[in-house]
Amino acid sequence: MNVIYFPMNYPEIHKKWQKYWQKNNVNKFDMNSSKPKYYTLEMFPYPSGANLHLGHFFNFAPCDTHARFKRMMGYNVFHPMGFDAFGLPAENHALSTGTHPHDNTIINMEKFRKQLDELGGMYPWEYTLTTCFPEYYTGTQWLFLQLFRHGLAYQKESTVNFCDKCKTVIANEQVIDGECERCSSEVIRRDMKQWFFKITDFAGELLDGIDGLDWPNKTKTMQQNWIGRSCGANVIFNVENSKDTIEVFTTRIDTIFGATFIVLAPENCLVKRVTTSEQEKAIDAYIKKTAKKSDIERMENHEKTGVFTGGYAINPASGKRVPIYIADYVLNNYGTGAVMGVPAHDERDHEFATKYKIEIKQVIKTDKEDACVTEFGTLINSDKYNDLSSEQAIIQITKDLEKIKSAKHSITYRLRDWSMSRQRYWGVPIPIVYCECCGIVPVPESQLPVKLPYINDFKPHGAPPLANDENFVNTTCPSCNGPAKRETETMDTFVCSSWYFLSYPSVGNVGMTGIPWDKKITEKMLPVDKYIGGAEHACMHLLYARFITRFLHKYGYINFAEPFKSLVHQGMILAPDGQKMSKSKGNTITPDKYIEQYGSDVLRMYMLFGFNYIDGGPWNDATLKSITRFIERVEKIISQISCETETDDEVQYVRASTIKNVKHDLDSFSFNTAVARCMEFLNAIHTSKNKSRESVIDLILLLAPMMPHIAEEFFELLREHNKTSIFDEKFPIPNQKFLERSDIEIVVQVNSKIKERLTIKKDATQDEVVALCKSFIGDTSPKKIIYVPNKLINFIL
RNA sequence: GCGGCUGUGGCGAAAUUGGCAGACGCGCUAGACUUAGAAUCUAGUGGGAGACCGUGGGGGUUCAAGUCCCUCCAGCCGCACCA
């Protein structure tokens with residue numbers, strides 16, 4: 001059969017198949033399928049301002065390829081898509097356009113969805129979710145209430161990061177170099193009453209859980225560092241002439257004999273207790289001065305300042321009297337907010353002691369031979385520490401010091417609690433009511449959702465905009481029915497995204513158990529098998545989602561502890577000049593014109609082929625042409641088919657190895673090599689005399705996940721059976737018989753230099769090969785022969 | 001300052017366990033077809049006239065190093081007084 005169908009109108013073909021898929025429910029997900037499930041997910045987009053940009057496409061198109069591949073491999077693939085609609089991006093965009101964020105979100109979501117369909121994404125839209133709709137955020141509020149009931153959501157007056165431009169508090173994770181993650185303006189410190197999630201309760205298990213994850217090492221390391229475990233000891237110093245004590249945290253208990261002063265953080269409440277009256281004014285002035293400093297000021301000026309309190313403490317090891325200082329280099333929210341100053345063995349303490357003329361006392365010899373102590377050795381036998389790891393040694397030393405009842409082993413984490421309330425409008429209302437009689441009262445689950453009212457004055461002023469809406473604020477207390485006021489702060493968007501992956505499978509199918517998902521479905525579908533998104537979320541979304549999952553697991557709501565078994569970060573597409581694309585630089589490229597001109601498959605193929613997916617790189621139009629050329633060559637081959645079965649052994653070999661390699665590549669997100677293999681296969685068919693239908697069909701099947709629309713069209717021309725989607729076909733299986741050649745080429749080396757390439761039979765013995773190589777080595781008998789079967793033979797003369 | 005990643009032709013990039021560096025493509029060169037160009041097809045394409053030399057520089061281990069070790073340089077990312 002000769003098919004003349006050239007040249008095709010690619011954009012037309014796209015529309016045809018998108019309609020076909022929709023009409024025939026090709027993308028519909030069957031929850032009751034008996035096939036093994038494969039849940040794959042890209043981080044969902046926030047439908048702010050503009051259209052989907054190239055970066056979105058680089059995230060979605062290759063992942064769609066992966067999902068389609070898995071489907072053809074026989075999995076019941078669940079690959080839903082939704083919208084992260086609440087939050088600052090959407091609200092800020094609304095503020096700049098004057099359109100209400102709710103209306104804006106609806107418009108943008110429609111735009112996004114249309115674009116996603118144009119892309120040809122295999123999404124089961126019946127499972128979509130949008131975080132700003134009450135049917136979703138009821139669940140977010142439910143989650144808050146469970147955290148509250150378990151004591152993991154709490155309110156606290158504390159110094160927080162406040163973005164003066166966004167007019168809201170932001171979390172530690174959202175402060176980048178002292179600037180707001182969203183708007184890059186300077187973050188100031190403010191004392192405010194705030195809601196926190198007690199993520200620190202999970203620090204240890206969040207850290208330990210990292211080991212078992214199939215995640216990029218880079219990301220794992222970042223989370224490990226962010227959680228920041230330190231093994232050390234808490235040591236109690238008695239305050240002179242007082243019943244008070246100061247507890248310090250140290251990782252260097254072995255240096256305790258050298259502790260010649262104590263430093264308290266300015267915010268440390270102990271400050272008041274150790275102050276002598278003569279010093280009070282100076283101290284007050286100092287504390288006021290340091291409290292004003294922003295993080296940026298602190299970063300710029302590293303010089304340590306401090307003030308003497310007038311008080312003294314007793315070093316529990318040496319019994320000596322040591323002065324107590326207040327200084328800005330000690331953090332209140334790490335460890336105990338107090339440190340022992342050991343100037344001889346700590347750079348920072350040394351700098352401070354030098355400046356304030358405090359005694360510097362060396363207690364550990366610097367040579368490693370005899371790493372323990374002089375003075376310390378009089379108390380305990382130091383030899384026994386030598387065989388221990390440093391962490392074990394610290395623990396052991398601490399135990400030994402317990403003899404003097406002053407030290408106990410302790411683990412401290414860098415991680416701090418998640419500050420999650422925001423003074424902004426566009427977020428989930430916190431389901432809490434303040435009652436004059438009953439105090440803080442959680443809204444009962446039966447009264448959820450606490451709906452976010454549609455208000456017009458949503459501009460941020462620093463105070464929550466919801467506070468101006470009296471209808472919202474004034475309510476009755478769920479417990480005593482008396483007058484009460486609602487909490488007017490809203491939740492950080494990261495709360496919405498910390499459980500959305502749990503929600504997808506149950507969308508529109510929530511069970512009656514009071515939990516916002518169906519337990520059976522969740523147990524069947526989760527965890528997520530493959531999660532894909534940007535690396536910038538390493539210590540934000542990815543950490544929060546792990547925390548929430550572990551919380552839900554701990555209290556029996558779900559039966560797994562980790563949400564994302566396997567994680568991939570896509571690289572970033574840069575502008576052709578190698579710069580980051582940005583509107584302000586005017587170097588952005590929109591995908592729309594390419595889709596209009598070529599259809600999305602060409603764009604997809606280029607994205608797959610032109611970059612390493614993990615690395616990304618600069619955009620380059622020229623490669624697009626090469627993709628068109630490739631697709632046209634495939635089309636031509638179809639019209640040149642001259643036989644049914646493949647008879648060319650060389651093609652058979654390439655065919656089998658291509659199938660094997662493409663399978664491996666699509667599984668491991670190595671899309672560029674997958675395309676390259678298909679090109680090689682095409683070249684092999686092209687070179688062969690006869691073009692067999694069998695081979696061409698395999699080629700089309702291999703390409704289907706990568707260029708779904710065009711592959712459907714080609715497949716329609718080639719198939720013999722009744723009309724069904726190519727995505728109901730099986731991915732080809734390599735024919736073992738052809739996978740290995742009987743003759744192979746091996747390299748002949750003399751003294752490790754390549755002399756010749758020989759074609760010999762496979763699995764030849766060393767003697768057989770040596771016999772063939774006589775001419776290269778002459779009469780000399782080699783000192784040594786290295787033979788790697790089927791690869792090389794090396795004669796050392 | 002600490003921690004991590006990356007460095008391969010003119011360009012985008014490949015390279016299971018150390019085993020033929022540069023797959024695949026772009027670009028370029030020559031030829032075919034064309035009045036001509038575009039498109040397409042065919043051949044070639046790391047450098048060097050050559051023995052040889054080539055994966056940021058220098059050193060090492062090894063029969064053999066892009067790959068392992070040490071060191072230096074450059075770029076990117078994360079943390080940043082975390083006691």
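If you're wondering where the values come from, they're calculated on a predicted model, not measured in any experiment. Throughout, a chain's letter reflects where its sequence line sits, starting with A, and its residues are numbered from 1.
For A:Tyr594 and A:Trp619, the ring centers sit closer than 6.0 Å to each other. Remark: aromatic rings of A:Tyr413 and A:Tyr334 are distant, center separation not under 6.0 Å.
In this structure, A:Met222 and A:Met340 both approach RNA chain B, and ranking their closest nucleotides by distance from the 5' end singles out A:Met222. Residue order along RNA chain B, read from the 5' end via each residue's closest nucleotide, puts A:Phe611 first among A:Gly337 and A:Phe611.
At whole-Å resolution of the value, CD in A:Glu351 and P in B:A83 are 17 Å apart. Across the protein-nucleic acid pair, A:Asn234 atom CG and B:A83 atom P stand 13 Å apart, rounded to whole Å. Per the geometry, CH2 belonging to A:Trp226 stands 19 Å off P belonging to B:G3, to the nearest Å. Between A:Asp665 atom CG and B:A13 atom P there is a gap of 17 Å when expressed in whole angstrom units. Straight-line distance from the CD1 atom of A:Ile793 to the P atom of B:A64: 16 Å, rounded to whole Å. The separation between A:Ile614 atom CD1 and B:A13 atom C1' is 15 Å, rounded to whole Å. The distance between atom OH of A:Tyr613 and atom C1' of B:G12, rounded to the nearest whole Å, is 18 Å. The distance from atom CG of A:Asp328 to atom P of B:A83 is 17 Å, rounded to the nearest whole Å.
A heavy-atom distance below 4.5 Å is not found between the side chains of A:Ile358 and A:Phe308.
Using a 4.0 Å heavy-atom criterion, one finds that A:Gly571 contacts no nucleic acid atom at all. Backbone-only engagement by A:Gly610 is indicated by non-hydrogen atom pairs under 4.0 Å involving sugar-phosphate atoms exclusively. Looking at heavy-atom distances under 4.0 Å, A:Arg229 makes no contact with the nucleic acid at all. Here A:Lys753 lies in heavy-atom contact (under 4.0 Å) with sugar-phosphate atoms only.
For A:Arg414 and B:A83, the shortest distance from a side-chain N or O to OP1 or OP2 is not below 4.0 Å. A sub-4.0 Å separation between OP1 or OP2 of B:A83 and a side-chain N or O of A:Tyr329 is absent. The side chain of A:Lys784 places an N or O atom within less than 4.0 Å of a non-bridging phosphate oxygen (OP1 or OP2) of B:C63. For B:U42, the OP1/OP2 oxygens have a side-chain nitrogen or oxygen of A:His686 closer than 4.0 Å.
Across B:G59 and B:C81, the matching C1' atoms stand 37 Å from one another, rounded to whole Å. Atom name C1', nucleotides B:G12 and B:A83: the rounded distance is 48 Å, in whole Å. Rounded to a whole angstrom, the distance from the C1' atom of B:C20 to that of B:G54 is 15 Å. Rounded to whole Å, the C1' atom of B:U55 lies 13 Å from the corresponding atom of B:A13. Remark: the separation of the P atoms in B:G66 and B:G7 is 14 Å, to the nearest Å. Spacing of P atoms, B:G50 relative to B:A14, comes out at 31 Å, to the nearest Å. Taking the P atom of each, B:G22 and B:G46 are spaced 9 Å apart, rounded to whole Å. Taking atom C1' on both B:A21 and B:C53, the two are 13 Å apart, rounded to the nearest angstrom.
Under 4.0 Å is where a charged nitrogen must lie from a carboxylate oxygen, and between A:Arg677 and A:Glu680 at least one such pair does. Ion pairing between a basic and an acidic side chain is recognised when a charged N comes within 4.0 Å of a carboxylate O; A:Lys762 and A:Glu745 show no such pairing.
Taking CG from A:Leu543 and NE2 from A:His537, the interatomic distance works out to 13.0 Å, rounded to the nearest 0.5 Å. For the atom pair CZ (A:Phe494) and CH2 (A:Trp418), the distance works out to 8.5 Å, reported to the nearest 0.5 Å. Note that CG of A:Leu567 is 5.5 Å distant from CG of A:Leu542, once rounded to the nearest 0.5 Å. Here the CD1 atom belonging to A:Ile746 is positioned 5.5 Å from the OH atom belonging to A:Tyr787, to the nearest 0.5 angstrom.
For a distance-only test at 3.5 Å, the side chain of A:Lys304 qualifies as a donor-acceptor partner of the base of B:C81.
B:G27 has its base anti relative to the sugar, with a glycosidic angle deviating from 0 by more than 90°.
Within 6.0 Å of NZ in A:Lys355 there are more than 12 heavy atoms belonging to other residues, nucleotides or ligands. Atom NZ of A:Lys660 sits in a sparse spot, with 12 or fewer heavy atoms from other residues, nucleotides or ligands closer than 6.0 Å.
Consecutive Watson-Crick or G-U pairing (both distances under 3.5 Å) extending over three or more pairs maps onto RNA chain B as B:1-7 with B:73-79, B:10-12 with B:24-26, B:27-32 with B:40-45, B:56-60 with B:68-72.
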Protein-to-nucleotide contact annotation, 5' to 3' order, nucleotides 16-34 of chain B [B base; S sugar-phosphate only; - none; under 4.0 Å, heavy atom]
-B-BBS-BBSS--------
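The backbone N or O of A:Lys691 lies less than 3.5 Å from a partner atom in the side chain of A:Ser642, making a donor-acceptor pair.
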